[in-house]
There are 2 protein chains.
Amino acid sequence: MSGLDQTDLAILRILAADATRSAAEIGRSVGIGQSAAWRRIRKLRESGILAGRRVVVDNAALGFGVTVFLGVRLAAKGRTSLDEFERAVTAIPEVQTVQHVLGQFDYRLRIIARDISDFERILRRRIMTLPGVGQVEANVMLSEERLPGPLGALG
Amino acid sequence: MSGLDQTDLAILRILAADATRSAAEIGRSVGIGQSAAWRRIRKLRESGILAGRRVVVDNAALGFGVTVFLGVRLAAKGRTSLDEFERAVTAIPEVQTVQHVLGQFDYRLRIIARDISDFERILRRRIMTLPGVGQVEANVMLSEERLPGPLGALG
DNA sequence: GTTGAAACTCACGGTCC
DNA sequence: GGACCGTGAGTTTCAAC
């Protein structure tokens, strides 16, 4: 029970699609005034539902054209080995995301490389030398599509 | 060969962490004026490196506390079966990201659910009934950490 | 809950060094 | 490249309904 009405959901959908829209414009789209729209946006921010704004950086435009997803299974699991692995993996600059997961693997990593041979270097020198690394599985990304997600499932 | 200097990289790092910072504020942080900082930001936008602004929506605050990563292998692969699968999977509201990948799986999905039993419903009713689905592997996310990525690897 | 209007800040452009 | 200075637009707050 988040206490959100249809207007709040409509505002969230608009902002999720394009964060540059102004409060006045959003208000017009959902049928309320600029001030009312702004207050709702502030409330969404204060409630933690809107958890910040980020720019989208095009890694390919920066010369990093290869994205690889890596499933990592640790050889030995323990409290210390998880901490140790996380500390070491977050220090690798090519690692963009670290996800601690449950299932066949213990961690999922999103890795950015300039090209495939650059990725091989990262895998051999950086990843395979991490403390406690066991089985590793790689998937090279061809394309990615983001969808509205839960905002589409609500209302 | 992007023609970026240290100041551009510093601006990118600041914006990647928090897109609400103003040009004047950023300029102060990197040692240039408001107008110069703004001109650099516009250039980064025009060159495609800054590819948009997004709000971060906290799914847990919306009542969707479970995130699952799903590797999907298609039973039969062909141009039509890829198109057909993508069309069907993007229509599922709980699917937040669709990644076409190369490797053990053909697709990686990021799925948002209210809880584990909600995820089971999505898996049985929505995912397993998709056209051409073969092997499926799930990983439940415990925690996620985003890192600077390539911005940390440059300069 | 709403509107309307202040005051302030910012984005954006022009101009000159 | 850089700083400096306008202008119009957007944000944020406040008073009133």
Side-chain angles (χ1 to χ4, degrees), chain A residues 1-64 146 148 150-151 154-155, chain B residues 1-59 61-63 146 148 150-155:
Chain A
M1 287 332 297
S2 338
L4 300 182
D5 60 14
Q6 293 302 319
T7 305
D8 288 319
L9 285 175
I11 290 173
L12 277 176
R13 287 199 191 93
I14 292 170
L15 279 176
D18 178 11
T20 66
R21 303 278 296 273
S22 72
E25 214 177 338
I26 292 171
R28 233 174 293 124
S29 297
V30 302
I32 60 177
Q34 170 268 137
S35 195
W38 184 84
R39 220 161 341 96
R40 281 173 183 266
I41 294 169
R42 183 180 58 179
K43 202 161 192 175
L44 289 169
R45 222 184 310 124
E46 286 169 351
S47 74
I49 292 172
L50 284 179
R53 303 172 105 95
R54 294 232 183 93
V55 292
V56 181
V57 176
D58 185 340
N59 293 314
L62 282 173
F64 291 81
R146 284 164 204 279
L151 292 174
L154 287 169
Chain B
M1 274 301 299
S2 333
L4 301 181
D5 61 13
Q6 293 301 319
T7 306
D8 288 319
L9 286 173
I11 290 173
L12 277 175
R13 288 198 192 94
I14 291 170
L15 281 176
D18 177 13
T20 66
R21 303 278 296 274
S22 71
E25 216 177 337
I26 291 170
R28 233 172 293 126
S29 297
V30 302
I32 59 178
Q34 171 265 139
S35 198
W38 182 82
R39 224 177 281 273
R40 281 173 180 268
I41 294 169
R42 182 180 59 178
K43 202 162 193 176
L44 290 169
R45 222 185 310 123
E46 286 168 352
S47 74
I49 293 174
L50 284 179
R53 303 172 109 88
R54 293 231 183 95
V55 293
V56 182
V57 176
D58 184 340
N59 293 314
L62 282 173
R146 283 165 206 276
L151 293 174
L154 288 168

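Order of the sequence lines fixes the chain letters, A, B, ..., with proteins taken first and strands second; residue numbering starts at 1 for each chain.
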Exercise. Return the value, rounded to whole Å, for the distance between atom CD1 of A:Ile26 and atom C1' of D:dT11.
Key: 12 Å

Self-check item: B:Ile41 CD1 - C:dC12 C1' separation (whole Å)
Solution: 12 Å

Identify the pairs formed between an N or O of the protein and an N or O of nucleotides 4-10 of chain D at a distance under 3.5 Å, and give each distance.
from	atom 1	to	atom 2	distance (Å)
D:dC4	N4	B:Ser35	OG	2.9

Self-check item: Spatial distance of atom CG (A:Leu4) from atom OG (A:Ser47) [nearest 0.5 Å]
Solution: 7.0 Å

Quiz item: For B:Arg40 and C:dG13, what is the distance between atoms CZ and P respectively, to the nearest whole Å?
Solution: 18 Å

Quiz item: Hey, which of these two, A:Arg42 or B:Lys43, hits DNA chain D nearer its 5' end, going by closest nucleotide?
Solution: B:Lys43

Exercise. Let me see the working for B:Leu154 and A:Phe64 under side chain to side chain contact (heavy atoms under 4.5 Å, CB included), right down to the final yes or no.
Key: CA-CA 11 Å; B:Leu154 288 168; A:Phe64 291 81; 4.0 Å; yes

Quiz item: Are B:Arg53 and A:Val56 close enough that some pair of their side-chain heavy atoms sits under 4.5 Å apart?
Solution: no

Exercise. Salt-bridge test for B:Arg40 and B:Asp5: reply yes if a basic N is under 4.0 Å from a carboxylate O, no otherwise.
Key: yes

Practice problem: Could you tell me whether B:Arg45 contacts a base, only the sugar-phosphate backbone, or nothing, with contacts defined as non-hydrogen atoms closer than 4.0 Å? | Solution: sugar-phosphate

Quiz item: To the nearest angstrom, how far is A:Arg28 atom CZ from C:dT3 atom C1'?
Solution: 15 Å

Practice problem: For A:Trp38 and C:dG1, give me the distance from atom CH2 to atom C1', rounded to whole Å. | Solution: 17 Å

Quiz prompt | Within-4.5 Å side-chain heavy-atom neighbours: B:Ser29 and B:Arg21 | solution = yes

Quiz item: Could you state the CZ-C1' distance from B:Arg21 to C:dT9, rounded to the nearest angstrom?
Solution: 15 Å

Exercise. Heavy atoms only: give me the nearest B:Val55-A:Leu15 pair and the separation to one decimal.
Key: CG2-O, 3.5 Å

Exercise. Find the distance B:Ile32:CD1 to D:dG2:P and express it as a whole number of Å.
Key: 5 Å

